[in-house]
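Heads up, the thing below is written out as structure tokens.
By convention here, the first residue in the shown sequence is residue 1.
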Amino acid sequence: MDKEHANTIPISEILGKLHLRPLGADAHIVRYPSPLDRRRQSLLWVNTLTNRWSDAHHQDRTVVDFVGSYLKSRREEGTQADALRWLETMMISIPDQLPDLTNTDGLIDNWSTLELRHKKPIQYAGLIHYLERQGISLALARHYLKEIHVRNRQTGKDFIALGFQTIDGGFALKTAYLERHLGEPAISFIRGTIPKPNAIHLFKNVMDYLSAISQLNGQRFKGDTIVLNAMSCLKQIVPYIHQYGYRTLYSWMDNDRAGDTATTTIADFVKTQAGLSHQRMNKLYALHKDVSAWHRHQLNLTL
């Protein structure tokens with residue numbers, strides 16, 4: 001895709017892909033919450049006649065300019081080449097018929113009802129005890145997780161959870177009893193120990209990732225890592241993988257029906273990527289439901 005073609009893609013279509021909806025319009029000027037602001041408190045104005053955009057810091061900019069600014073706001077490279085690659089992959093999608101993470105106790109709330117109260121290093125005894133039972137050292141957990149104090153605006157109740165930051169600036173929340181999301185569900189991306197690696201790892205959630213890292217004595221993977229945080233986020237991996245140059249994708253999905261479905265979907269996606277191969281890692285923990293259960297078994301831990 002060249003720059004001229006890219007600048008003809010409707011900005012409204014791109015914003016729709018980012019799950020943003022118009023707040024209002026004055027003739028051909030449409031207002032959106034700005035995705036360049038992680039808190040979504042500022043506005044983006046889109047001129048539907050010229051297909052250009054403005055905000056408090058930019059005036060009358062192009063589609064390619066927008067994508068470059070968006071990538072930079074996500075702490076990604078935002079060159080023109082990066083923007084064109086992102087726009088090209090926007091037209092590619094993983095099937096939407098994916099299993100969602102479920103909670104049989106009904107403890108998953110609508111993410112929009114949750115409000116951040118406090119964020120700090122892990123100190124709460126209940127969370128530390130949970131990590132111990134998972135076989136995750138406090139030092140390792142503190143490197144990736146925060147102690148998050150949350151209020152449910154719908155019920156008025158507060159709770160404390162481990163929080164793993166997502167690419168959108170929200171948190172995937174985890175305790176021994178619940179999995180929730182502070183902010184819209186999104187993936188998390190972790191850089192490997194070497195620049196421009198030829199491999200990427202794909203995990204279901206942060207506890208599986210930390211369990212695998214624990215088996216490596218706390219050493220990170222050489223390759224990059226994506227943590228889904230929810231199966232419904234699987235389609236979000238596409239812009240991070242398409243034409244990036246990875247040679248192998250290692251999937252660490254569950255040994256159950258949902259995991260099998262996700263693994264098959266990942267395998268089908270990999271087939272569309274030239275030069276990319278798929279390595280299923282679940283054979284390593286075939287006698288266990290997931291990486292976390294396998295790790296606990298290795299340590300003779302029981303929940």
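Here the closest non-hydrogen pair linking I9 and V63 is O-CG2, 3.4 Å. A pairwise comparison of heavy atoms in H242 and R85 identifies O-NH1, 3.0 Å as the closest pair. Of all heavy-atom pairs spanning A6 and L84, the tightest one is CB-CD2, 3.5 Å. Between T263 and M253, the shortest heavy-atom distance links the atoms OG1-CB, 3.3 Å. What you find for P185 and Q236 is that their closest heavy atoms are O-NE2, 3.3 Å. R133 and L301 get closest at one heavy-atom pair: O-CD1, 3.8 Å.
With contacts defined as side-chain heavy-atom distances shorter than 4.5 Å, the pair Q80/V64 qualifies. At a threshold of 4.5 Å between non-hydrogen side-chain atoms, the residues I200 and T248 do not count as touching. Looking at heavy atoms from C-beta onward, S12 lies out of side-chain contact with V30 at the 4.5 angstrom threshold. In this structure the side chain of W294 reaches within 4.5 angstrom of the side chain of L284, judged on heavy atoms. The closest side-chain heavy-atom distance from L202 to L228 is below 4.5 Å. Counting heavy atoms from C-beta on, the side chains of I187 and T166 never come closer than 4.5 Å. Residues M281 and K283 fail the side-chain proximity criterion, which asks for heavy atoms closer than 4.5 Å. Using a 4.5 Å cut-off on side-chain heavy atoms (C-beta onward), Y130 and I136 make no contact.
For H58 and D55, the side-chain atoms include at least one donor-acceptor pair closer than 3.5 Å. Under the 3.5 Å distance criterion, with hydrogens and angles disregarded, no donor-acceptor pair is assigned to the side chains of Y240 and D224. Using modelled atom types, one finds no donor on one side chain facing an acceptor on the other under 3.5 Å when comparing Y209 with K204. Side chain to side chain, S34 and D37 fail the donor-acceptor criterion of an N or O pair below 3.5 Å. A side-chain donor from one of S292 and R296 sits under 3.5 Å from a side-chain acceptor of the other. For N229 and S188, the side-chain atoms include at least one donor-acceptor pair closer than 3.5 Å.
Panel note: side chain R117, backbone D158; no donor-acceptor pair is recorded below 3.5 Å. Looking only at distances, a side-chain donor or acceptor of T48 sits under 3.5 Å from a matching main-chain atom of H28. Side-chain atoms of N255 come within 3.5 Å of backbone N or O of H288 as a donor-acceptor pair.
Within a 6.0 Å sphere centred on NZ of K196, heavy atoms belonging to other residues, nucleotides or ligands number more than 12. Few gaps surround OH on Y244; more than 12 heavy atoms of other groups in view lie less than 6.0 Å from it. Other residues, nucleotides and ligands contribute at most 12 non-hydrogen atoms within 6.0 Å of the NZ atom of K271. In E77, the CD atom is not crowded: 12 or fewer heavy atoms of neighbouring residues, nucleotides or ligands sit closer than 6.0 Å.
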Residues I148, L162; criterion side chain to side chain contact (heavy atoms under 4.5 Å, CB included); working and verdict: CA-CA 6 Å; I148 305 295; L162 297 169; over 6 Å; no
L234/T265 under side chain to side chain contact (heavy atoms under 4.5 Å, CB included): CA gap, chis, key distance, verdict: CA-CA 9 Å; L234 184 55; T265 303; 4.2 Å; yes
side-chain hydrogen bond (donor to acceptor under 3.5 Å, both in side chains) between D82 and T79, worked out: CA-CA 5 Å; D82 294 315; T79 66; 2.7 Å; yes
Full working for side chain to side chain contact (heavy atoms under 4.5 Å, CB included) between N47 and D60: CA-CA 9 Å; N47 187 321; D60 197 34; over 6 Å; no
Worked check of side chain to side chain contact (heavy atoms under 4.5 Å, CB included) between K119 and E147: CA-CA 6 Å; K119 176 182 68 175; E147 179 180 311; over 6 Å; no
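Under the rule for a ring-ring contact (aromatic ring centres under 6.0 Å, His included), Y124 has no partner lying at least two apart in sequence or in another chain.
The distance from atom CD of Q59 to atom OG of S54, rounded to the nearest 0.5 Å, is 4.5 Å. To the nearest 0.5 Å, the span separating NE2 on H278 from CG on L276 amounts to 9.0 Å. Distance check: E115 CD to Q154 CD gives 13.5 Å after rounding to the nearest 0.5 Å. With rounding to the nearest 0.5 angstrom, the NZ atom of K289 is 4.5 Å from the CG atom of D256. Atom CD of E4 is separated from atom CG of D2 by 5.0 Å, given to the nearest 0.5 angstrom. Atom OG of S277 and atom CG of N198 lie 9.5 Å apart (nearest 0.5 Å).
In this structure, F164 has its ring center at least 6.0 angstrom away from the ring center of F171. A ring-centre distance under 6.0 Å is found for Y70 and W86.
Sequence neighbours left out, the pairs with a member in residues 62-72 that pass salt bridge (charged side-chain N to carboxylate O under 4.0 Å, His left out) are R61-D65.
The aromatic rings of H201 and F221 lie parallel to each other, with less than 30° between the two planes, well short of the 60° mark. Classification of the W252-F203 ring pair by plane angle, with boundaries at 30° and 60°, yields parallel.
I190 and I194 are not part of a single hydrophobic cluster, where members link through side-chain heavy atoms under 4.5 Å apart. At a threshold of 4.5 Å between side-chain heavy atoms, the hydrophobic network of Ile, Leu, Val, Met, Phe, Trp and Tyr places L216 and M207 in one connected group. Hydrophobic clustering (side-chain heavy atoms under 4.5 Å, transitive across Ile, Leu, Val, Met, Phe, Trp, Tyr) keeps F66 apart from L49.
Salt-bridge formation is detected for the pair E76/R191: a Lys NZ or Arg NE/NH1/NH2 atom is positioned less than 4.0 Å from an Asp or Glu carboxylate oxygen.
Under a cutoff of 6.0 Å and an axis angle of 45°, R74 and F189 do not form a cation-pi pair.
Through chains of ILVMFWY side-chain contacts below 4.5 Å, I29 is grouped with L23, L43, W45.
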